[in-house]
K.L.:
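Here's a structure for you.
Both counts, for ligands and for their atoms, begin at 1 and track the order of listing. In this chain, numbering begins with 1 at the start of the sequence shown. Note that the structure is predicted; figures quoted are calculated from it, not measured.
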Amino acid sequence: MKNFLSVHDVVDVNVLADKALRLKSAPFLHQSLGKNKTMVLLFLNPSLRTRLSTQKAALNLGMQCIVMNVGQDGWNLEMEDGVIMNGNQAEHIKEAAGVISQYADVIGLRTFAGLTDREKDYAEFVLNQFVKYATVPVVNMESATVHPLQSLADLVTIREFQKIKRPKVVLTWAPHPRALPQAVANSFVEWMQKAEVDLSITNPKGYNLSPEFVKDTTVIHDQMEAFEKADFIYAKNWSSFEDYGKIVEVKENWTVSAAKMAKTNNAYFMHCLPVRRNVVVDDAVIDSERSLVLQQAGNREWAAQAVIKQILEAN
Ligand code: AN0
Ligand code: CP
């Protein structure tokens, strides 16, 4: 594995999930692997889990770890090539990535979707510019269209809690006051398509995800129908892909409630966090014993560690 940018860098998602689970039971076995190596984590956007779990994963592997909020503390970065830099951007991504690559053996990058230019976001313009100019491996810590470290942790969590060989997993859209990226949802879909689960998506009309990600996965616009017999309910808000980056009006109530969960096969509730209580999900659901949100966040450490370990071994 050179870079970890999406599921396409992974040979077998189930094998990687098993590796993460093995690290969970023996986190400090590979401390010599990262000795005298440095991981640099760059955040253009806020984070709690990704920042701490990825840092912890690097430390578990014996690495040093430097974290920088580039979006806040660094120079404003120009991402486009060939422009006259007489505006707000003081530094070009070409120099920034080249410089950071000299201090780092592995770089983690978080760069959210801008949600204004769909073509640019879906071409992963910023992530790809960074990868182009970095000379060391890059780990995606949520980019414009995907969040693979989250999806790997989600897969690990499902594998830990599934009772049957091919559980029914339902990704449901849920409301949110702000326009959020589609990255977590897209990524969950592409990982689950490669896992041994029966995946379906439920979202209101106007909130269909990109066909490039949905492929032949069933999409149901009736949330109650979709919840029937589900073993796992994965909730997430995303802004419209069709009316790109916009919040389009939804008349029905899509908040995940106890009454809706009662339609399922006593399903577990999942969410990547951070979550808005009583908007995305009711307290009664997230506080219930079927909620796996803390377990998912806990598994972020082992997911990140499995990925960084594989990169260290390959480079
Ligand atoms: C971000 C998102 O929806 O992509 C990060 C989730 C891990 N969420 C928010 O901005 C609330
Ligand atoms: N789930 C997740 O990536 O959380 P943070 O945005 O807090 O890192």
K.L.:
Using a 4.0 Å cut-off to any heavy atom of R300, which atoms of ligand 2 qualify?
P.N.:
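So the atoms of ligand 2 that pass are 1 (N), 2 (C), 3 (O).
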
K.L.:
Is there a path from V307 to F188 through hydrophobic residues (I, L, V, M, F, W, Y) whose side chains come within less than 4.5 Å of each other?
P.N.:
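Yes, V307 connects to F188 through the hydrophobic network.
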
K.L.:
If you compare all heavy atoms of A104 against all heavy atoms of V136, which two are closest, and at what distance to 0.1 Å?
P.N.:
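Smallest heavy-atom distance, with atoms named: O-CG1, 3.3 Å.
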
K.L.:
Check for me whether A183 has a heavy atom closer than 4.0 Å to any atom of ligand 1.
P.N.:
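No, that is not the case, since the closest heavy atom of the residue is not under 4.0 Å from the ligand.
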
K.L.:
Nearest protein heavy-atom contact for atom 3 (O) of ligand 1: which residue, which atom, what distance?
P.N.:
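The closest one turns out to be K236 NZ, 2.7 Å.
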
K.L.:
List the closest protein heavy-atom neighbour of atom 1 (C) of ligand 1: residue, atom name, distance to the nearest 0.1 Å.
P.N.:
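Of every protein heavy atom, F112 CZ, 4.0 Å lies nearest to atom 1 (C) of ligand 1.
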
K.L.:
Would you indicate which of R49, E142, M141 comes nearest to atom 4 (O) of ligand 2 when only heavy atoms are counted?
P.N.:
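Looking at heavy atoms only, the winner is R49.
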
K.L.:
Relative to ligand 2, is R110 under 4.0 angstrom through side chain, backbone, both or neither, heavy atoms considered?
P.N.:
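The part of R110 near ligand 2 is the side chain, not the backbone.
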
K.L.:
More than 12 heavy atoms of other residues, nucleotides or ligands under 6.0 Å from CD of E119: yes or no?
P.N.:
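Counting other residues, nucleotides and ligands, CD of E119 stays at 12 neighbours or fewer.
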
K.L.:
Quick one: which ligand 1 atoms are inside 4.0 Å of a heavy atom on L273?
P.N.:
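Those qualifying, in numeric order: 7 (C).
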
K.L.:
Do E190 and S151 pair up side chain to side chain, a donor and an acceptor below 3.5 Å, judged on atom types alone?
P.N.:
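There is no such pair between these side chains.
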
K.L.:
With atom 1 (N) of ligand 2 as the reference point, say which of L273, T50, L48 has the nearest heavy atom.
P.N.:
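Heavy atom nearest to atom 1 (N) of ligand 2 belongs to L273.
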
K.L.:
Should you measure from each heavy atom of Q150, which atoms of ligand 2 turn up under 4.0 Å away?
P.N.:
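Those atoms are 1 (N), 2 (C), 3 (O).
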
K.L.:
Return the residue, atom name and 0.1 Å-rounded distance of the protein heavy atom closest to atom 9 (C) of ligand 1.
P.N.:
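For atom 9 (C) of ligand 1, the nearest protein heavy atom is L180 CD2, 3.7 Å.
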
K.L.:
Please check this pair: side chain of Q64 against backbone of M39, looking for a donor-acceptor N/O pair closer than 3.5 Å.
P.N.:
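No; zero donor-acceptor contacts below 3.5 Å.
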
K.L.:
Give the atom numbers and elements of ligand 2 that come within less than 4.0 Å of a heavy atom of H147.
P.N.:
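So the answer, numbered in order with elements, is 2 (C), 3 (O).
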
K.L.:
Return the residue, atom name and 0.1 Å-rounded distance of the protein heavy atom closest to atom 6 (C) of ligand 1.
P.N.:
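The answer is E142 OE1, 3.7 Å.
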
K.L.:
Aromatic contact between F232 and F161, with the criterion being ring centroids under 6.0 Å apart: yes or no?
P.N.:
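No: the rings miss the under 6.0 Å criterion.
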
K.L.:
What is the minimum heavy-atom distance between A226 and K168, and which atoms define it?
P.N.:
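Closest approach of A226 to K168: O-NZ, 3.4 Å.
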
K.L.:
Please name the pair of heavy atoms, one in V214 and one in V189, separated by the smallest distance, quoted to 0.1 Å.
P.N.:
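What the structure gives for the nearest pair is CA-CG1, 4.4 Å.
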
K.L.:
Going hydrophobic residue to hydrophobic residue with side-chain gaps under 4.5 angstrom, can you get from L149 over to V13?
P.N.:
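L149 and V13: one cluster.
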
K.L.:
If you measure every N/O of C272 against every N/O of ligand 2, is any gap under 3.5 Å?
P.N.:
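Between C272 and ligand 2 (N or O atoms, distance only) the closest approach is under 3.5 Å.
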
